[in-house]
Amino acid sequence: VQLQASGGGLVQPGGSLRLSCAASGNIFNIAVMGWYRQAPGKQRELVATITGGGSTNYADSVKNRFTISREKGKNTVYLQMNSLKPEDTAVYYCNAPLIVDYSSNYWRDNWGQGTQVTVSS
């Protein structure tokens with residue numbers, strides 16, 4: 001089981017980016033998927049999460065600018081980031097706290113490799 005994130009890059013303030021994260025492996029269920037970020041010199045922080053039923057949760061700093069979505073059946077989560085600000089610059093990580101595979105194995109605390117987002121003029 002692994003998570004593969006993509007879609008980061010350099011964008012000007014006010015611009016948009018879309019991050020993707022695909023989970024692969026013999027996956028039966030992923031209850032929650034989410035995005036975290038870590039800026040230089042700061043702790044990793046929650047950006048957004050989404051459940052299998054589509055319930056979402058956002059950090060206050062990204063509400064009304066970022067949208068998390070999930071493609072069922074493909075175990076893929078997206079983060080649409082609009083109106084980007086320099087303070088959004090960070091490495092973004094996708095996360096799945098618990099993945100259950102078809103052999104009834106429980107994979108805990110799963111992280112993607114991180115993708116750099118830089119917002120700068």
Side-chain angles (χ1 to χ4, degrees):
V1 169
Q2 65 177 17
L3 301 178
Q4 182 72 36
S6 61
L10 173 64
V11 64
Q12 292 187 342
S16 299
L17 279 175
R18 189 191 195 208
L19 305 183
S20 301
C21 175
S24 61
N26 191 31
I27 296 170
F28 171 70
N29 179 259
I30 308 177
V32 178
M33 299 186 78
W35 291 94
Y36 288 70
R37 66 186 182 187
Q38 187 166 18
K42 295 188 176 182
Q43 290 188 331
R44 192 172 296 188
E45 63 176 2
L46 170 71
V47 176
T49 61
I50 186 168
T51 68
S55 296
T56 58
N57 178 53
Y58 294 93
D60 288 343
S61 60
V62 307
K63 280 181 181 176
N64 301 316
R65 298 190 298 122
F66 291 10
T67 302
I68 189 169
S69 60
R70 186 167 169 177
E71 192 169 4
K72 294 186 75 172
K74 291 189 176 182
N75 293 316
T76 302
V77 65
Y78 303 96
L79 186 68
Q80 178 66 43
M81 304 184 293
N82 298 328
S83 302
L84 282 160
K85 305 175 181 180
E87 51 263 44
D88 294 318
T89 295
V91 177
Y92 284 70
Y93 298 90
C94 59
N95 170 262
L98 177 64
I99 297 175
V100 183
D101 68 22
Y102 278 101
S103 299
S104 299
N105 295 312
Y106 287 67
W107 302 76
R108 302 184 188 277
D109 199 27
N110 304 278
W111 293 91
Q113 83 283 11
T115 184
Q116 177 71 46
V117 172
T118 302
V119 185
S120 175
S121 55

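Predicted, not measured: the structure shown is a model, and the values here were computed from it.
- A distance-only check finds no donor-acceptor pair linking the side chain of Gln116 to the backbone of Gly8 [under 3.5 Å].
- Enclosure of atom CD in Glu87 by more than 12 non-hydrogen atoms of other residues, nucleotides or ligands within 6.0 angstrom is indicated.
- Under the 4.5 Å side-chain contact rule for hydrophobic residues, Val32 and Phe66 do not share a cluster.
- Figure legend: Arg18 and Tyr78 shown as a cation-pi pair, the cationic atom lying under 6.0 angstrom from the six-membered ring centre and within 45 degrees of its axis.
- Side chains of Asp109 and Trp111: a donor on one and an acceptor on the other come within 3.5 Å.
- Asn95 contributes a side-chain N or O that, together with a main-chain N or O of Asn110, makes up a donor-acceptor pair within less than 3.5 Å.
- Using a 4.5 Å heavy-atom threshold, the side chains of Leu19 and Thr115 count as touching.
- Of the possible polar contacts, none joining the Thr89 side chain to the Thr118 backbone as a donor-acceptor pair under 3.5 Å is found.
- When side chains are defined from C-beta on, Leu17 counts as touching Val117, because their heavy atoms get closer than 4.5 Å.
- When side chains are defined from C-beta on, Cys21 does not count as touching Gln4, because their heavy atoms never get closer than 4.5 Å.
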side-chain hydrogen bond (donor to acceptor under 3.5 Å, both in side chains) between Trp107 and Asp101, worked out = CA-CA 8 Å; Trp107 302 76; Asp101 68 22; 2.9 Å; yes
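- Within the 3.5 Å criterion, the main-chain N or O of Lys42 finds a donor-acceptor partner in the side chain of Gln38.
- Relative ring orientation between Phe28 and Tyr102 is described as perpendicular, the plane-to-plane angle rising above 60° on a 0-90° scale split at 30° and 60°.
- Distance alone, capped at 3.5 Å, places no donor-acceptor pair between the Ser103 side chain and the Asn105 backbone.
- In this structure, the separation between CZ on Arg65 and OG on Ser83 is 7.0 Å, given to the nearest 0.5 Å.
- When all heavy atoms of Ala96 and Leu3 are compared, the pair lying nearest together is N-CD1, 3.8 Å.
- A continuous path of Ile, Leu, Val, Met, Phe, Trp and Tyr side chains, each step under 4.5 Å between heavy atoms, connects Val77 with Val1, placing both in one hydrophobic cluster.
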Evaluate the side-chain contact (heavy atoms from CB on, under 4.5 Å) criterion for residues Ser120 and Gln12: first the C-alpha distance (whole Å), next the side-chain angles of each, then the deciding distance (0.1 Å), finally the verdict.
-> CA-CA 5 Å; Ser120 175; Gln12 292 187 342; over 6 Å; no
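- A distance of 11.0 Å separates CG in Leu46 from OH in Tyr58, rounded to the nearest 0.5 Å.
- Between Tyr36 and Tyr93, the gap from one ring centroid to the other reaches at least 6.0 Å.
- Note that CZ of Arg70 is 7.0 Å distant from OG1 of Thr51, once rounded to the nearest 0.5 Å.
- A salt bridge does not link Lys85 with Asp88: none of the charged nitrogens is closer than 4.0 Å to a carboxylate oxygen.
- Atom CD1 of Ile68 is separated from atom CE of Met81 by 11.5 Å, given to the nearest 0.5 angstrom.
- Note: Ile30 CD1 to Ile50 CD1 = 12.0 Å, rounded to the nearest 0.5 Å.
- In this structure, Arg37 contributes its side chain and Val91 its backbone to no donor-acceptor pair below 3.5 Å.
- Contact check for Pro86 versus Pro13: side-chain heavy atoms found under the 4.5 Å cut-off.
- Distance CG/Leu98 to CE/Met33: 12.0 Å, rounded to 0.5 Å.
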